[in-house]
Amino acid sequence: MILDDDGYVKLQLRNFHGIRLQHFVSGLEEESPDRAPMEGACVSTIEGYTEWVSISAPVISLGWDWIYDPMRVPSMLVRQSSLRTNVMLLDNDGIEVGPFKTSVLLEAVLDCFDWQETVLGAIENRYSMHQGSTQPAVHPAV
């Protein structure tokens, strides 16, 4: 794993699996004030963002947007955007696979990653009237 001059942390996917990620921050997106009110019943959405970082150096950062999907049973948070990251994956020959393929591969890993409970806890803690201190969650990158 190397930090290159272009700002990317470069590594192979197999090395990414051993990296431990720690929840850094999560928040809610503010609803647009110019959003037109709807008549009748409608399903409201809750949207937010989350950012996770590695506990090793150089620091790896992974961020994505999510939406609370009340239509799923059970209701859950669902990733809704492309990954934002400072990672560039390398193939077996050490050649960059490019930002698109890096994103697709890391999103596949992320979709197997149990992040929802940690993000819900962080949101509840951040936006509750009675904030308590909690230890940051640390997870393997699967």
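Below, all heavy atoms of this structure are taken into account, side chains as well, without hydrogens, waters or symmetry copies.
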Atom pair [atom1] ([X]) and [atom2] ([Y]), whose distance is rounded to the nearest 0.5 Å:
X    : Y   : atom1 : atom2 : result
D4   : N86 : CG    : CG    : 11.5 Å
L3   : L11 : CG    : CG    : 11.5 Å
I95  : K10 : CD1   : NZ    : 10.0 Å
L110 : T85 : CG    : OG1   : 10.0 Å
N15  : L89 : CG    : CG    : 9.5 Å
S26  : E51 : OG    : CD    : 9.0 Å

Between [X] and [Y], is any pair of side-chain heavy atoms under 4.5 Å apart?
X    : Y    : value
R14  : N92  : yes
E29  : Y49  : yes
L90  : E96  : yes
I46  : L28  : yes
R126 : V25  : yes
F16  : L62  : yes
H17  : V109 : yes

Query raised in the report: So W115 and W64, would you call those rings parallel, tilted or perpendicular, with 30° and 60° as cut-offs?
Result: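 Rings of W115 and W64: perpendicular, over 60°.
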Determine whether a donor-acceptor pair (N or O, by modelled atom type, separation under 3.5 Å) exists between the side chain of [X] and the backbone of [Y].
X    : Y   : value
D91  : G94 : yes
T102 : G98 : yes
S54  : I60 : yes

Requested in this report: Take I2 and Y8 through the side-chain contact (heavy atoms from CB on, under 4.5 Å) test and state the conclusion after the steps.
Outcome: CA-CA 8 Å; I2 59 167; Y8 281 114; over 6 Å; no
Linked, directly or transitively: [X] and [Y] (ILVMFWY side chains, under 4.5 Å):
X    : Y    : value
W52  : M76  : no
L13  : V87  : yes
F113 : L83  : yes
Y127 : V119 : yes

Requested in this report: Determine whether more than 12 heavy atoms belonging to other residues, nucleotides or ligands lie under 6.0 Å from atom CD of E117.
Outcome: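 Incorrect, the count does not exceed 12.
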Query raised in the report: Can you tell me if CZ on F24 sees more than 12 non-hydrogen neighbours from other groups inside 6.0 Å?
Result: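 Incorrect, the count does not exceed 12.
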Requested in this report: Please check if any side-chain donor atom of E124 sits under 3.5 Å from a side-chain acceptor atom of S128, or the reverse.
Outcome: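 On atom types as modelled, these side chains do not qualify, holding no pair under 3.5 Å.
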Where [X] and [Y] come nearest, the two heavy atoms and their spacing:
X   : Y    : answer
M1  : S56  : CE-OG, 3.9 Å
R84 : T50  : NH2-O, 4.4 Å
H23 : A122 : CE1-CB, 3.3 Å
V9  : P58  : CG1-CG, 4.0 Å

Query raised in the report: Does D111 pair with R79 as a salt bridge, N-O distance under 4.0 Å?
Result: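 Salt bridge flag = yes for R79 with D111.
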